[in-house]
Novice: 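Just dropping this structure here.
Quantities reported herein were computed from a predicted structural model and do not represent experimental measurements.
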Amino acid sequence: MSMQRTNVYAAPEDLALIKEAARRPGVAEAEIIREGLHLAAMANRVWDAPLDWPIFEGSGEPVTRDEITETIAEGRRGA
């Protein structure tokens, strides 16, 4: 993966947290920062198109265990 250098200002408290987070598993502080940048970028991503969520029929009310069992039984009987 190609990397590009950039400068970022950070609070000393945050830098101390990054230093500690990197020390424990023995990774570079830069790796912690790169992971944080990626998570922030993905969390703020705007998609061009809406997600195609499936639509289910029904009232929206929770179903009971007996209703689930009956529906499965009907499916097995080919109803």
Side-chain angles (χ1 to χ4, degrees):
M1 167 178 35
S2 176
M3 302 265 184
Q4 184 175 344
R5 183 183 175 105
T6 189
N7 293 325
V8 176
Y9 291 95
E13 300 83 15
D14 291 336
L15 293 175
L17 290 171
I18 290 168
K19 184 179 288 292
E20 178 62 22
R23 186 191 61 76
R24 280 181 268 136
V27 298
E29 292 173 35
E31 187 60 33
I32 302 292
I33 294 168
R34 281 191 289 270
E35 182 179 347
L37 287 172
H38 178 71
L39 291 172
M42 293 303 292
N44 290 286
R45 184 172 181 181
V46 176
W47 300 94
D48 293 334
L51 295 176
D52 187 20
W53 291 101
I55 297 173
F56 300 97
E57 294 181 19
S59 66
E61 295 295 318
V63 294
T64 66
R65 177 178 292 195
D66 291 338
E67 290 172 316
I68 294 170
T69 302
E70 181 59 31
T71 300
I72 292 170
E74 287 174 8
R76 286 188 179 166
R77 290 192 295 258

Novice: Over all heavy atoms of both residues, which pair between P62 and E67 is shortest? Give the atoms and the distance, please.
Specialist: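 Looking at all heavy atoms of both residues, the shortest contact is O-OE1, 4.4 Å.
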
Novice: How many angstroms lie between atom CD1 of I32 and atom CG of L37, to the nearest 0.5 angstrom?
Specialist: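 If we round to the nearest 0.5 Å, I32:CD1 and L37:CG are 11.5 Å apart.
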
Novice: Can you pull the salt bridge (charged side-chain N to carboxylate O under 4.0 Å, His left out) pairs that have at least one residue in residues 30-46, sequence neighbours excluded?
Specialist: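 Qualifying pairs: E31-R34.
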
Novice: Distance from E74 atom CD to E70 atom CD, nearest 0.5 Å?
Specialist: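 Answer rounded to 0.5 Å: 4.5 Å.
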
Novice: Other members of the hydrophobic cluster containing I68, with the 4.5 Å side-chain heavy-atom rule, please.
Specialist: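 Members other than I68 - counting any ILVMFWY side chain reachable under 4.5 Å - are V63, I72.
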
Novice: What residues form a salt bridge (charged side-chain N to carboxylate O under 4.0 Å, His left out) with E20, not counting sequence neighbours?
Specialist: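 If we apply the salt bridge (charged side-chain N to carboxylate O under 4.0 Å, His left out) test to E20, skipping adjacent residues, the hits are R23, R24.
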
Novice: As an exercise, state the distance from CD1 of I33 to CG of L15, rounded to the nearest 0.5 Å.
Specialist: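 Reported to 0.5 Å precision, the distance equals 6.5 Å.
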
